[in-house]
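Remember, predicted model here, so these are calculated numbers, not experimental data. Counting convention: from 1, in listed order, for ligands and their atoms alike.
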Amino acid sequence: MKQVYLDNAATTSVRPEVIDEMVKVLKEHYGNPSSTYAIGRHAKALIENARKVIAKQFNAASSEIIFTSCGTEANNWILRSAVRDLGVKRIITSKLEHHAVLNTIKQLKDEFGIEVIYLSILPSSEIDYEQLENLVKDEEKTTLVSLMHVNNEVGTELDLKRVASLCKEHNVLFHCDTVQSVGKTRIDLSELPIDFIVASAHKFHGPKGIGFAFIRKKNVLKPVIFGGEQEKGLRAGTEGVHQVVGMAKALEMAYELLETEQKYIAGIKDYCKKRLAEVYPDIHFNGNGCGFYNILNILLPVSEEKAAMMLFQLDMKGIAVSRGSACQSGSQKPSHVLSQFLSEEDLKKPSLRLSFSHENTEQDIDVLIEVLQTL
Ligand code: PLP
């Protein structure tokens, strides 16, 4: 049975070149980067080189890149330290955020009594920019805006330039969860005044268990994990050298191949939209279907009974797609993202998130359509 993987927003396969680099490090460069003898120093050099490679992709300084275990950790660290150490008293965010941000902010509200404002979501699945503009004008309270760049469920893209400039103009900190966009679009941090971004290697064909935070120099965060002096004491714990090297290789390749792969993946998404519309003339694309080029969230015009079994049946036929975000799969609750802008009635219908990579082909889409037609 042909396996069709259409869940690249959940995670991606690791590029063979990345695996090769990682295996080489595991075999040959096993020294502890904190050790002072040669193999330790060599491991340390590999980490610093990876940091340089990563920083270069964003026109950032190497010292602004701090390695973490994943995107969730990076988000937790930034938000917590912003409240605890930078005096943030008010967070403006949205209910479209990933749980790594939503639940962290909720926890911080409970612990520190900060004010949290959730922006209204328009039917197009976008935030209300005008509301944000009005809110940031109030400069009374130290404020942080936390908004994701690309939504992981519908692919809605934030106007980064608009939000970053607005925050800068009003002296507001801006944290952007860029887990879904790093490696998939260019982010020039020398031009965009964003204070914090985060990334996770497994979203751009790198290994799981490694990510990073970009912390602009002027913002001095303090650690949430204490121990040794790794990452200048900001994130203790012996570094996974192979993970760091793998992440840098994956990111470098993602940006080298960006234009070609972007065009190819956008073509696959267009083909998918076209084929779906042929089969279901009244299909609806959530968020207008015009979100980021690798994500397509579809609302299928089928009954509730059919909907309940759909993911299971697709799985039985070797097709991996997601209902909402990966972290929720298996749960019967409606997606916290879709419930922000879909009607009660539409929420009962099955919504599927399809997310593509350079490895997908039109044939994969044909297999999906063929199976959908039998359900
Ligand atoms: N933020 C977004 C937008 C995501 O899509 C994800 C993962 O799905 C995360 C954060 C969490 O990243 P990680 O899996 O590295 O913890």
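- Between R162 and E133 there is a salt bridge, since a side-chain N of the basic residue sits under 4.0 Å from a carboxylate O of the acidic one.
- Proximity of T72 to ligand 1, defined as any heavy-atom pair under 4.0 Å, is shared by backbone and side chain alike.
- Taking distance alone, with nitrogen or oxygen atoms compared against 3.5 Å, A10 stays at or beyond that limit from ligand 1.
- Electrostatic pairing of D85 and R80 does not count as a salt bridge here, judged by no charged N lying under 4.0 Å from a carboxylate O.
- One finds no salt bridge joining E370 and K317 here, because no Lys/Arg side-chain nitrogen approaches an Asp/Glu carboxylate oxygen to under 4.0 Å.
- Residue contact check: M148 has heavy atoms under 4.0 Å from atoms 3 (C) of ligand 1.
- Considering both main-chain and side-chain atoms, N75 never comes within under 3.5 Å of ligand 1 through any nitrogen or oxygen pair.
- Within the listing of ligand 1, atoms 13 (P), 15 (O) sit less than 4.0 angstrom from a heavy atom of S200.
- Between H99 and H336, the distance separating the two ring centers is shorter than 6.0 angstrom.
- Connection of L86 to F214 is not established within any shared hydrophobic cluster, with ILVMFWY side chains joined at heavy-atom distances below 4.5 Å, either directly or through further cluster members.
- Assignment of H202 to the shell around ligand 1 is supported, since a heavy atom sits closer than 4.0 Å.
- For the pair K208 and ligand 1, no heavy-atom separation below 4.0 Å is found.
- Checking each of D7, D364, I268, T361 against F356 for a side-chain contact (heavy atoms from CB on, under 4.5 Å) leaves exactly one that passes, namely I268.
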